[in-house]
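All values reported here derive from a predicted model rather than from experimental measurement.
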Amino acid sequence: MDNRIYISNLYDYYGMLLTDKQQAYFEEYYFNNLSLAEIAENYEISRNAVHKQIKETEEKLHYFEEKLQLYHKGKQIKQLIQNLDPALQDQIIDWI
C-alpha cells in the first residue's frame, strides 16, 4: 500500500491523539498538498521545524498503530464481513 494512503488512514484512527499543531501541519501537508515551505510561510516558522513536526507525527501514528492495532483489526473485520453470505453482510451493516 502506498505509504501516503497508509499514513492518512492511520491519521483517521489516531489523529485526535495528536496536538493541535501536529494535526494542522499534517492536514496541510497530506490533505491540502501544501509544500513544507508553504506551511512554514503560513505559520511563520522554519521549513525545518515543519519537516520535524510532520516526521514526529508520522512516527507517533506508527507507534499508536503498533500498540493499538486499530487499523489492522479494522481491515480484518472488513475481510471477515466480505467472506460472509451477502444477506448477513447487509444485516451486519445495518446493525453497525
Side-chain angles (χ1 to χ4, degrees):
M1 175 187 300
D2 178 45
N3 187 53
R4 194 168 181 95
I5 294 171
Y6 177 67
I7 202 79
S8 294
N9 285 330
L10 293 183
Y11 182 80
D12 288 342
Y13 280 91
Y14 307 113
M16 295 305 293
L17 300 175
L18 303 170
T19 67
D20 291 340
K21 184 177 11 175
Q22 289 171 329
Q23 289 178 31
Y25 297 161
F26 184 92
E27 290 176 12
E28 294 281 24
Y29 185 73
Y30 279 96
F31 301 144
N32 299 334
N33 293 317
L34 295 182
S35 69
L36 297 176
E38 291 170 320
I39 298 168
E41 184 178 323
N42 290 347
Y43 290 90
E44 298 178 353
I45 60 172
S46 72
R47 181 190 173 284
N48 191 44
V50 173
H51 181 263
K52 183 179 176 186
Q53 280 292 318
I54 289 174
K55 287 301 169 196
E56 285 179 11
T57 300
E58 290 171 351
E59 289 171 7
K60 277 187 174 182
L61 293 172
H62 285 291
Y63 175 79
F64 294 148
E65 177 59 14
E66 178 185 322
K67 297 301 179 189
L68 300 173
Q69 299 276 313
L70 296 178
Y71 175 73
H72 177 72
K73 290 173 185 174
K75 281 180 59 175
Q76 287 180 323
I77 290 169
K78 287 178 187 175
Q79 185 154 10
L80 288 171
I81 291 172
Q82 287 175 346
N83 293 335
L84 293 175
D85 181 318
L88 287 174
Q89 287 179 8
D90 292 339
Q91 289 177 350
I92 290 171
I93 291 170
D94 289 342
W95 182 74
I96 294 173

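Counting heavy atoms of neighbouring residues, nucleotides and ligands inside a 6.0 Å radius, atom CD of Glu41 does not exceed 12 of them.
Using a 30° and 60° split on the angle between ring planes, Tyr14 and Phe64 fall in the tilted class, from 30° to 60°. Ring orientation note: the planes of Tyr6 and His62 are tilted relative to one another, at an angle of 30° to 60°.
Distance CD1/Ile54 to CG/Leu36: 5.0 Å, rounded to 0.5 Å. One distance of note links CG of Asn9 with CG of Asp2; it measures 10.5 Å at 0.5 Å rounding. Rounding to the nearest 0.5 Å gives a distance of 7.5 Å between CG of Leu17 and CG of Leu68. Taken from CG in Leu61 to CG in Leu18, the straight-line distance is 5.0 Å, to the nearest 0.5 Å.
Residue Tyr25 forms a side chain to side chain contact (heavy atoms under 4.5 Å, CB included) with just one option from Glu28, Lys21, Gln22, and that option is Lys21.
Between Arg47 and Ala37, the shortest heavy-atom distance links the atoms CG-N, 4.1 Å. Across Tyr13 and Gly74, no two heavy atoms sit closer than the pair OH-CA, 4.1 Å. Minimum heavy-atom separation, Ile7 to Phe26: O-CZ, 3.8 Å. Residues Gly15 and Gln23 approach most closely at O-NE2, 3.1 Å, considering heavy atoms.
Judged as a side-chain hydrogen bond (donor to acceptor under 3.5 Å, both in side chains), and not counting sequence neighbours, the contacts of Glu38 are Ser35. Partners of Tyr29 under the ring pair (Phe, Tyr, Trp, His ring centres under 6.0 Å) rule, at least two apart in sequence or in another chain, do not exist in this structure.
No single ILVMFWY cluster, assembled from side-chain heavy atoms under 4.5 Å apart, contains both Leu80 and Leu88. Hydrophobic clustering, with ILVMFWY side chains joined whenever heavy atoms are under 4.5 angstrom apart, keeps Met16 apart from Tyr63.
Among residues at least two apart or in separate chains, side chain to side chain donor-acceptor pair (under 3.5 Å) pairs with a member in residues 48-59 are Tyr30-Glu58, Lys55-Glu58.
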